[in-house]
Amino acid sequence: MDTSNPAVFVNAELLRLYVGRRVRAVIQVLRSDGGVVMGKSTDENQIVVKGSPPAPLSKFVEVVGIADSEKSIIVEVWSNFGDSFDTHTYNQLCQLANGEFKHLFL
């Protein structure tokens, strides 16, 4: 496992803190149009993800890439997470990974 360039766990609200950095997010796919996917983050806000998604996309997808704006990610790695996912727990993980337990994740 390469730990030289870790991806920060983010939701849409936290994404703005990491523009230009490598991030990891889980989204619910709302719409896919070519190389742009609109998704709902685990905090219920929308994120735009850009890249070449695999076909077909499942309902929930993890993306790892570079935050290129406060609401978008240029994706390097796509991972289908299936059609059922506990977004509440993942959102809590994002909060912990960017709060008092940040030192455990970066």
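Worth saying up front: this structure is predicted, and the values here are computed from it rather than measured. We're numbering straight along the sequence, starting at 1.
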Can you tell if the side chain of [X] reaches within under 4.5 Å of the side chain of [Y], non-hydrogen atoms only?
{"X": "R22", "Y": "I66", "answer": "yes"}
{"X": "L17", "Y": "N98", "answer": "no"}
{"X": "V48", "Y": "M38", "answer": "yes"}
{"X": "Y90", "Y": "L93", "answer": "yes"}
{"X": "K71", "Y": "Q46", "answer": "no"}

Using distance alone, with no hydrogens and no angle criterion, decide if S41 and N45 have a side-chain donor and acceptor under 3.5 Å apart. no
So how far is it from [X] [atom1] to [Y] [atom2], rounded to the nearest 0.5 Å?
{"X": "E100", "Y": "Q95", "atom1": "CD", "atom2": "CD", "result": "12.0 Å"}
{"X": "I27", "Y": "E62", "atom1": "CD1", "atom2": "CD", "result": "10.5 Å"}
{"X": "L30", "Y": "I47", "atom1": "CG", "atom2": "CD1", "result": "10.5 Å"}
{"X": "T87", "Y": "Q92", "atom1": "OG1", "atom2": "CD", "result": "10.0 Å"}

Across all chains, not counting sequence neighbours, the salt bridge (Lys or Arg N to Asp or Glu O under 4.0 Å) partners of E44 are K40
- Message: Using the rule that Ile, Leu, Val, Met, Phe, Trp and Tyr join whenever any side-chain heavy atoms are under 4.5 Å apart, tell me whether V64 and V49 fall into a single cluster.
- Response: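 In one cluster with V64: V49, no.
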Joint hydrophobic cluster, F105 plus V26, side-chain heavy atoms closer than 4.5 Å: yes
With sequence neighbours left out, the residues meeting side-chain hydrogen bond (donor to acceptor under 3.5 Å, both in side chains) with D86 are T89
**Item:** Neighbour count above 12 (heavy atom, 6.0 Å) for D83 CG
**Value:**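 Counting other residues, nucleotides and ligands, CG of D83 exceeds 12 neighbours.
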Exercise. S58 and F81: which non-hydrogen atoms are nearest, and at how many Å?
Worked result: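 Nearest pair, atom of S58 first, then F81: OG-N, 3.3 Å.
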Please set out all donor-acceptor pairs under 3.5 angstrom arising from side-chain atoms of residues 6-16, sequence neighbours excluded.
residue	atom	partner	partner atom	Å
N11	OD1	E13	N	3.1
N11	OD1	L14	N	2.9
N11	ND2	N91	OD1	2.8
R16	NE	E13	O	3.4

